[in-house]
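For reference, the structure is listed below as structure tokens.
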Amino acid sequence: MSDPEGPGVSSSEGRAERQAFDAIGAVVSWYAARIAAESAAPVPDETRVRELRSARRAALDDQAQLATADPEEAAGVAAFYAARLRELAGP
């Protein structure tokens with residue numbers, strides 16, 4: 001039976017990368033929602049919008065780097081972004 005992740009990719013590698021991709025995606029979505037909300041405010045805080053856009057771009061850059069990450073790196077990225085989302089979302 002063939003590997004569902006594709007040729008040359010073990011399931012653990014694919015799983016770690018998928019978890020990291022999903023964790024980053026959740027953070028990117030959080031930033032996008034805050035950017036939209038701030039931009040729609042009667043008087044948007046342009047500094048805040050720039051900060052949010054910069055943070056979103058950094059997350060997207062990290063997501064792009066997953067293509068070359070090994071399973072350990074991907075797992076670390078997943079853990080970092082899962083913690084980042086908890087921090088952003090608050091209690």
Side-chain angles (χ1 to χ4, degrees):
M1 181 175 250
S2 66
D3 185 344
E5 300 296 334
V9 177
S10 75
S11 61
S12 66
E13 288 174 345
R15 187 172 33 255
E17 186 176 337
R18 171 51 49 195
Q19 289 172 338
F21 190 87
D22 290 347
I24 295 172
V27 169
V28 167
S29 293
W30 186 94
Y31 284 128
R34 295 316 173 280
I35 291 166
E38 187 62 46
S39 297
V43 180
D45 181 340
E46 292 302 324
T47 300
R48 179 70 175 145
V49 171
R50 279 193 302 277
E51 290 169 354
L52 290 166
R53 285 184 177 151
S54 177
R56 180 179 175 274
R57 170 56 34 212
L60 288 169
D61 290 346
D62 286 347
Q63 195 173 51
Q65 295 299 314
L66 288 174
T68 59
D70 64 34
E72 293 80 23
E73 291 170 324
V77 170
F80 173 83
Y81 276 95
R84 182 69 180 134
L85 184 60
R86 286 190 300 273
E87 178 184 306
L88 291 169

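Heavy atoms only: backbone and side chains are in, while hydrogens, waters and symmetry mates are out. Positions are given from 1, in the same order as the sequence printed here. Since the structure is predicted, the reported quantities are computational estimates derived from the model, not experimental observations.
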Exercise. If only atom types and distance count, is the side chain of Q19 paired as donor or acceptor with the main-chain N or O of A16 below 3.5 Å?
Worked result: no
For this session: Identify the heavy atoms of P44 and S39 that sit nearest to each other, and give their distance.
Result: CG-O, 3.5 Å
Exercise. Looking at residues at least two apart in the chain, or sitting in another chain, which of them share a salt bridge (charged side-chain N to carboxylate O under 4.0 Å, His left out) with R53?
Worked result: none
Exercise. Rounded to the nearest 0.5 Å, how far apart are CZ of F80 and CG of L85?
Worked result: 11.5 Å
Exercise. Which atom names give the shortest non-hydrogen contact between D45 and E38, and what distance separates them?
Worked result: N-OE2, 2.7 Å
Problem set entry | Closest non-hydrogen atom pair, A59 against Y81 | CA-OH, 3.4 Å
Exercise. Rounded to the nearest 0.5 Å, how far apart are CZ of R57 and OH of Y31?
Worked result: 13.0 Å
Counting only pairs under 3.5 Å, give me each side-chain donor-acceptor contact of residues 20-27, with atom names and distances, residues two or more places apart or in other chains.
residue	atom	partner	partner atom	Å
D22	OD1	R18	NH1	2.9

Problem set entry | R50/T47 under side chain to side chain donor-acceptor pair (under 3.5 Å): CA gap, chis, key distance, verdict | CA-CA 5 Å; R50 279 193 302 277; T47 300; 3.2 Å; yes
Exercise. Roughly how far, to the nearest 0.5 Å, is CZ of R34 from CZ of R56?
Worked result: 13.5 Å
